[in-house]
Amino acid sequence: MSELNVSFELFPPKNADMEARLWESVERLAPIGPKFVSVTYGAGGSTRERTHATVKRIVEETPLNAAAHLTCVGASRDEVDEVLRAYWDSGVKHIVALRGDPPEGVGGAYTPHPDGYANAAELTAGARKIADFEISVGCYPEVHPESASLEADIDLLKQKVDAGAGRAITQFFFDPDVYLRYRDAVRAAGVSVPIVPGIMLQSNYKGLARMSALCGAQMPERVSGLYQGLDTHPDTRELVTAQLAAELVTKLAAEGVEDFHFYTLNRANLAVATCRVLGRRAPTPVKETV
């Protein structure tokens with residue numbers, strides 16, 4: 001297996017302890033040499049300032065390519081454009097353009113801002129007018145919960161690409177065939193940008209099951225079975241999670257996939273371990289001899 005390209009998703013910290021954990025993760029992940037690290041944007045734009053501060057610090061204090069998530073929710077076009085200009089001026093040249101979740105979170109009713117961008121395709125086009133951003137967008141191998149059909153989902157992805165997106169990152173999934181069928185359908189529809197698999201590194205099974213239900217990711221019985229009886233064994237859950245992630249990536253790499261995006265939840269251990277199994281590791285310092 002040739003060396004794979006990886007990227008990592010982080011989220012902005014809510015307090016001092018979480019900030020310390022975030023920067024510990026950044027320090028451990030940076031030597032792996034990811035293509036980029038992205039920083040999420042809370043439901044309803046609730047973490048706007050913290051996202052901006054986190055991404056700005058990554059740009060200023062690390063060699064990493066930082067990507068800022070940006071959503072349409074709860075802001076006018078002028079307000080979003082102001083955020084985009086501030087990112088560009090701060091040295092942030094990569095945007096992950098998303099429609100976003102309503103303030104109450106996934107499952108709530110989405111209502112576009114009356115003066116805002118209606119969806120990620122409009123947001124992508126708006127960002128293109130502001131500056132020459134690198135733009136990634138989201139996509140859904142198992143269909144967005146609010147979408148009428150897979151065809152409707154792919155049509156929206158085409159709109160995002162036509163508006164200027166150069167990469168699509170998938171919602172997480174568990175079955176490699178789910179991704180491969182989706183990739184084939186996207187290619188058949190004429191979409192040629194990279195479709196980067198999103199790989200979830202969540203070892204808390206209850207949290208994983210909840211997220212899967214909310215986003216419509218079908219969890220195979222084999223996966224849920226591996227976590228049974230491990231509620232009080234977090235170390236074993238982490239081993240299982242790393243193994244499942246490595247298996248998934250290995251199967252996709254065998255089908256020609258070269259780029260992978262890891263949802264780290266700001267915990268570096270699983271990401272570092274999984275990447276190490278896959279041949280991506282930080283260089284070992286060479287001790288000087290006298």
Side-chain angles (χ1 to χ4, degrees), residues 1-12 21-40 54-55 57-59 61-69 92-98 134-141 165-176 178-180 182-183 193-203 208 211 217 238-285:
M1 181 170 61
S2 59
E3 186 171 275
L4 305 175
N5 301 311
V6 299
S7 55
F8 303 113
E9 181 183 283
L10 306 166
F11 63 84
R21 189 174 80 187
L22 167 66
W23 291 105
E24 179 185 349
S25 295
V26 169
E27 289 174 1
R28 293 198 62 202
L29 295 173
I32 295 173
K35 258 190 168 181
F36 62 90
V37 295
S38 67
V39 181
T40 63
T54 301
V55 177
R57 184 176 170 188
I58 291 173
V59 168
E61 298 182 17
T62 80
L64 296 170
N65 173 15
H69 287 220
V92 180
K93 312 298 186 185
H94 184 176
I95 296 295
V96 181
L98 305 166
E134 177 181 357
I135 302 177
S136 300
V137 294
C139 61
Y140 301 85
R167 173 192 297 104
I169 302 170
T170 77
Q171 179 60 269
F172 71 89
F173 57 91
F174 299 96
D175 183 345
V178 164
Y179 168 86
L180 295 170
Y182 178 74
R183 183 186 64 177
V193 300
I195 306 298
V196 180
I199 309 298
M200 177 57 72
L201 298 177
Q202 166 64 287
S203 61
L208 183 63
M211 288 190 292
E238 292 218 343
L239 291 171
V240 168
T241 302
Q243 177 63 28
L244 287 171
E247 284 181 3
L248 182 55
V249 171
T250 299
K251 289 175 181 178
L252 293 175
E255 297 291 336
V257 181
E258 297 179 346
D259 296 89
F260 297 88
H261 188 67
F262 291 96
Y263 299 114
T264 71
L265 305 180
N266 289 13
R267 296 183 181 276
N269 283 346
L270 273 171
V272 171
T274 304
C275 287
R276 194 174 183 87
V277 169
L278 298 169
R280 285 299 303 257
R281 63 180 67 186
T284 302

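Atom set for the values below is all heavy atoms of this structure, side chains included, hydrogens, waters and symmetry mates excluded.
- Looking at every heavy atom in both residues, Val193 comes nearest to Ala168 through CG2-N, 4.4 Å.
- When all heavy atoms of Leu29 and Val272 are compared, the closest pair comes out as CD2-CG2, 4.0 Å.
- Shown here for Pro34 and Ser7, the closest heavy-atom pair between the two residues is CB-CA, 4.2 Å.
- Within the 4.5 Å cutoff, the side chain of Leu64 has no heavy atoms near those of the Phe8 side chain.
- Distance CD1/Ile199 to OG1/Thr241: 12.5 Å, rounded to 0.5 Å.
- Between Ser25 and Thr264 the shortest side-chain heavy-atom distance does not fall below 4.5 Å.
- With sequence neighbours left out, Tyr140 forms a side chain to side chain contact (heavy atoms under 4.5 Å, CB included) with His144, Asp153, Gln171.
- Residues Asp259 and Ile195 are not in side-chain contact: their nearest non-hydrogen atoms beyond the backbone lie 4.5 Å or more apart.
- A distance of 9.5 Å separates OG1 in Thr274 from CD in Glu238, rounded to the nearest 0.5 Å.
- Here Glu255 pairs with nothing under the salt bridge (charged side-chain N to carboxylate O under 4.0 Å, His left out) rule; sequence neighbours left out.
- Rounding to the nearest 0.5 Å places CD1 of Ile32 at 7.5 Å from CZ of Arg280.
- Annotation: side chain of Asn269 is in contact with side chain of Arg28 (closest heavy-atom distance under 4.5 Å).
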Working note: Asn266 + Phe11, criterion side-chain contact (heavy atoms from CB on, under 4.5 Å); need CA distance, chi angles, decisive distance, verdict.
CA-CA 7 Å; Asn266 289 13; Phe11 63 84; 3.5 Å; yes

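- Not one N or O on the side chain of Arg267 forms a donor-acceptor pair closer than 3.5 Å with the backbone of Gln202.
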Test side-chain contact (heavy atoms from CB on, under 4.5 Å) on Ile169 and Tyr263; report intermediate values, then the result.
CA-CA 11 Å; Ile169 302 170; Tyr263 299 114; 3.7 Å; yes

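- Side-chain contact between His261 and Ser38 is present, with at least one heavy-atom pair separated by less than 4.5 Å.
- The CD1 atom of Ile135 sits 13.5 Å away from atom NZ of Lys93, with the distance rounded to the nearest 0.5 Å.
- Taking CG of Leu244 as the start and CE of Met200 as the end, the distance is 13.5 Å to the nearest 0.5 Å.
- Looking at residues two or more places apart in sequence or on another chain, you find no salt bridge (charged side-chain N to carboxylate O under 4.0 Å, His left out) involving Glu27.
- Scanning all heavy atoms of the two residues, the minimum distance from Ala66 to Val55 falls at CB-CG1, 3.7 Å.
- The side-chain heavy atoms of Cys275 and Phe262, taken from C-beta on, include a pair separated by under 4.5 Å.
- When side chains are defined from C-beta on, Ile58 counts as touching Val37, because their heavy atoms get closer than 4.5 Å.
- Tyr179 is listed as a side-chain neighbour of Val257, based on a closest heavy-atom distance under 4.5 Å.
- Of all non-hydrogen atoms in Trp23 and Thr54, the two that sit nearest each other are CH2-O, 3.9 Å.
- Rounding to the nearest 0.5 angstrom, the gap separating the NE2 atom in His69 from the CG atom in Leu10 is 9.0 Å.
- Counting heavy atoms of neighbouring residues, nucleotides and ligands inside a 6.0 Å radius, atom CZ of Arg57 exceeds 12 of them.
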Audit row: Arg167, Phe36, side-chain contact (heavy atoms from CB on, under 4.5 Å) steps and yes/no
CA-CA 12 Å; Arg167 173 192 297 104; Phe36 62 90; 3.9 Å; yes

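- Contact between Ala245 and Leu201 at its shortest, heavy atoms only, is CB-CD2, 3.6 Å.
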